[in-house]
Amino acid sequence: MNGAQHILDAFHRHGISTVFGYPGGCIMPLYDALVDDVGTEHVLCRHEQGCALAADGYARASGQLGVCIATSGPGATNLITGVANAHRDSIPMLVITGQVPSGLIGTDAFQETDVLGMTLGIVKHSYLVDSADELAAIMDEAIELAQSGRPGPVWVDIPKDVLLASAPACSFEPEAASAAKTASATTDISEAMTMLRSARKPLLYSGGGVSLAHAEDSFREFTQTAALPSVVTLKGIGNSGKHSAHHLGMLGMHGSRAANRAVDECDLLLVIGARLDDRATGKLDTFAPNARTIHIDADAAEINKLRSVDLALRGDLNGILQAMTTEFESAPLAIDDWQTQCRTWNTTGGFSAADNEEPLAPITGPAFVRQLSRIAPDDTVIACDVGQHQMWVAQHYQFDHPRHHLSSGGLGTMGFGLPAAIGAQFADRRSTVINVAGDGSFMMNAQELATIRRYNLPLKMIILDNQCLGMVRQQQELFYNNRESQINLDDNPDFVAMARAFDIPALHIERTDQIRRGIETILAYDGPMLLHVAIAREENVWPIVKPGASNREMIDETKKRTTTAQREHVA
């Protein structure tokens, strides 16, 4: 086999059946090998960034490895944003790029870029392959490394001559390659249980690490047994299911008052698979000021990184949770007063939005999302772009599983949603997948409408269109004296006509009485369809915490009106 055939052989050995890519000069030997390949479905996206984000969405929705392929130079550089997005959210991804022939590396050859140097901070590991003889072993190692421990993207850069060179077949030993996955938890949880039993106001704070560890079932059993009041990060949404009696919602900058109040009042914080991101904690020295901290995480680098903890547990999350569940079954916690208090806070300070009953009233983002949540099937996958609509979905859509909520967390990548939804749809062609976008984000990767049409994906697209960069406008309004700068998008294209140009049916709605019909129409349609939803430009996401401020200093619409009136009075 030549080097290119070794890559496809590695796909077959590791059960990789779907890849996302875009051809070019230095990766062409791999595309030539694909002509004769059986068993690998190659998805041609319309931009390399779309390839990376689609692979990301595939991995998030399926829990399997996402794979993207591109050529050297601009092909590789176009992947970078999508790979950085996967790195920040710990998404398992294999990135394969062609490189100029070995003899030309370092000569500024046509379409040569230093991929290893450029991507050093956004990958878990990277390789520049020197010889075709090394390629099979490198592929096996890269695939394993991307998925083991704390997952992340691994980049394999391959010179064109290596792809063309012959190399003998290499035996594959899955037992040796998978050794890291067989390690079981040996962590002693006795100290953690002692701390939990001595606490009067313990709070569970979970993040995306739960699904990354494939520990959703163990976590759900643990939360039901322990009955701890709980909060989640953006990536942890869905961890507790949609019917948890003790769940208080998302915490942080756009979290619920109930969640942030519970964090502020708790005396013990049990952190599971979360990294205490600044958007969750706000001003760090005011975050959970009265609490001791237990941190359970797969990555030692996250322990004590932002907050010194009282106890750290590392190991297999399933094993740790199952052991703690057994302890709670034998001796439940006596925290009835704290549970009652948290439920009261949730009743008065949880996420809520009034459904406007006036038929001719303009559509509001929260009311639309709440109706979408009620109408869509429970197993619907929502792939969000980045902006106000992303926060409305996080606040008001009721998710029953973390893999049903695809959202760019750590990087906040505008344009993530549409290609991520494509990846999720390839992960399961039968599932209902909806991309919820803003008008600004949708335009970032609108070329992927061609991908949807080419493969006739039954993907549904919803654009909440306020004709501006809504989240930027909101912060300019609140924190920059309403000095708007470069956020106006009132020259947007006709999105309905745009979709129809790609032979995708589309519908426009703008009134409250049209919401149900619009949602039911796109869900019932057998094929891709777009719903364009006009919403008010001045609508904001509430509540909000000013960047860098304490989560205690949440601003809601009432406080904003009071502050505005005070400013006008002084003026």
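Taken from CD in Glu520 to CD1 in Ile522, the straight-line distance is 10.5 Å, to the nearest 0.5 Å. Between atom CG of residue Leu478 and atom CD1 of residue Ile555 there is a gap of 6.0 Å, rounded to the nearest 0.5 Å. With rounding to the nearest 0.5 Å, the separation of CZ in Arg60 from CG in Leu406 is 7.0 Å. With rounding to the nearest 0.5 angstrom, the CG atom of Asp385 is 8.5 Å from the CD atom of Gln390. Rounded to the nearest 0.5 Å, atoms OG1 (Thr451) and CG (Leu459) are 10.5 Å apart. Going from atom CZ of Phe442 over to atom NE2 of His532 covers 10.0 Å, rounded to the nearest 0.5 Å.
Heavy-atom contacts from other residues, nucleotides or ligands closer than 6.0 Å to OH of Tyr22 number 12 or fewer. Within 6.0 Å of CG in Asp490 there are more than 12 heavy atoms belonging to other residues, nucleotides or ligands. Atom CZ of Arg483 is surrounded by 12 or fewer heavy atoms from other residues, nucleotides or ligands within 6.0 Å.
A donor-acceptor pair under 3.5 Å links the side-chain atoms of Thr71 to the main chain of Cys26, judged by distance alone. In this structure a side-chain-to-backbone donor-acceptor pair under 3.5 Å is missing from Asn78 to Gln49. Between the side chain of His254 and the main chain of Pro543, a donor-acceptor pair closer than 3.5 Å is present. Gln147 places a side-chain N or O within donor-acceptor distance of the main-chain N or O of Ile143, the cut-off being under 3.5 Å. A donor-acceptor pair under 3.5 Å is absent between the side-chain atoms of Asp278 and the main chain of Gly548, judged by distance alone. Listed for the Thr77 side chain is a donor-acceptor partner under 3.5 Å among the backbone atoms of Pro74. One N or O on the side chain of Glu448 and one on the backbone of Arg46 form a donor-acceptor pair closer than 3.5 Å. The backbone N or O of Leu248 sits less than 3.5 Å from a side-chain atom of Ser256, completing a donor-acceptor pair. Side-chain atoms of Asp400 come within 3.5 Å of backbone atoms of Lys242 as a donor-acceptor pair (strictly under, hydrogens ignored).
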| request: Given side chain to side chain donor-acceptor pair (under 3.5 Å), test Asp378 with Gln398 step by step and report yes or no. | output: CA-CA 9 Å; Asp378 283 349; Gln398 299 299 307; over 6 Å; no

| query | Checking side-chain contact (heavy atoms from CB on, under 4.5 Å) for the pair Thr18/Val43: CA distance, chi angles, key distance, verdict? | reply | CA-CA 7 Å; Thr18 304; Val43 181; 4.1 Å; yes

| task | For side-chain contact (heavy atoms from CB on, under 4.5 Å), just list the numbers for Asn488 and Leu469, CA-CA rounded to whole Å, side-chain angles, deciding distance to a tenth of an Å, and then say yes or no. | result | CA-CA 7 Å; Asn488 187 33; Leu469 297 175; over 6 Å; no

| request: Would you please test Thr512 and Phe368 for side-chain contact (heavy atoms from CB on, under 4.5 Å) and show each step? | output: CA-CA 8 Å; Thr512 298; Phe368 178 89; over 6 Å; no

| From CA spacing to verdict: side-chain contact (heavy atoms from CB on, under 4.5 Å), Ile422, Ile452 | CA-CA 7 Å; Ile422 290 171; Ile452 294 168; 3.8 Å; yes

| Gln447/Asn445 under side chain to side chain donor-acceptor pair (under 3.5 Å): CA gap, chis, key distance, verdict | CA-CA 5 Å; Gln447 78 283 339; Asn445 274 311; 2.9 Å; yes

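Centroid-to-centroid, the aromatic rings of His42 and Phe20 stay 6.0 Å apart or farther. For an aromatic pair to be called close, the ring centres must be under 6.0 Å apart, and Phe399 with His401 fails this.
Heavy atoms only, all atoms of each residue included: Asn435 and Gly417 are closest at ND2-C, 3.4 Å. Here the shortest heavy-atom pairing between Thr119 and Val123 reads O-CG2, 3.4 Å. Taking both residues in full, the closest heavy atoms of Ala146 and Met93 are given as CB-O, 3.7 Å, listed atom of the first, atom of the second, then distance. The two atoms that bring Ala4 and Ala33 nearest to each other are CB-CB, 4.1 Å, heavy atoms only. Of all non-hydrogen atoms in Ile504 and Pro528, the two that sit nearest each other are CG2-O, 3.8 Å. A pairwise comparison of heavy atoms in Thr413 and Ser408 identifies N-OG, 2.9 Å as the closest pair.
Between Val115 and Ser126, every side-chain heavy-atom pair lies at or beyond the 4.5 Å cut-off. With a 4.5 Å cut-off on side-chain heavy atoms, Lys546 and Glu553 do not count as touching. With a 4.5 Å cut-off on side-chain heavy atoms, Ser441 and His389 count as touching. Residues Tyr525 and Pro505 have side chains in contact (heavy-atom distance under 4.5 Å, counting atoms from C-beta outward). With contacts defined as side-chain heavy-atom distances shorter than 4.5 Å, the pair Ile544/Phe479 qualifies. Side-chain contact check for Gln395 versus Pro366: every heavy-atom pair is 4.5 Å or farther apart. No side-chain heavy atom of Tyr127 sits less than 4.5 Å from a side-chain heavy atom of Asp157. Looking only at side-chain heavy atoms (C-beta outward), Ile96 and Trp155 stay at 4.5 Å or farther from each other.
Looking only at atom types and distance, the side chain of Asn481 has no donor-acceptor partner in the side chain of Gln476 under 3.5 Å away. Of the N and O atoms on the side chains of Asn239 and Glu216, not one donor lies less than 3.5 Å from an acceptor on the other residue. Between Gln467 and Asp439, the side chains place no donor N or O within less than 3.5 Å of an acceptor N or O (distance only, hydrogens not considered). Using a 3.5 Å distance cut-off with no hydrogens or angles, the side chains of Gln99 and Glu112 do not pair a donor with an acceptor. No side-chain N or O of Asn540 forms a donor-acceptor pair with one of Glu538 less than 3.5 Å apart.
In this structure, Arg257 pairs ionically with Asp556, as a charged nitrogen and a carboxylate oxygen lie closer than 4.0 Å. Here Arg279 does not pair with Asp277 in a salt bridge; the nearest charged N to carboxylate O distance is not below 4.0 Å. Ion pairing between a basic and an acidic side chain is recognised when a charged N comes within 4.0 Å of a carboxylate O; Glu477 and Arg537 show no such pairing.
The residue from His396, Met250, Met253 that alone fulfils the side chain to side chain contact (heavy atoms under 4.5 Å, CB included) condition with Met391 is Met250. Checking each of Ile69, Leu94, Leu34 against Val19 for a side chain to side chain contact (heavy atoms under 4.5 Å, CB included) leaves exactly one that passes, namely Ile69. Checked options Lys235, Arg275, Arg150; the residue passing with Ser90 is Arg150 (criterion: side-chain hydrogen bond (donor to acceptor under 3.5 Å, both in side chains)).
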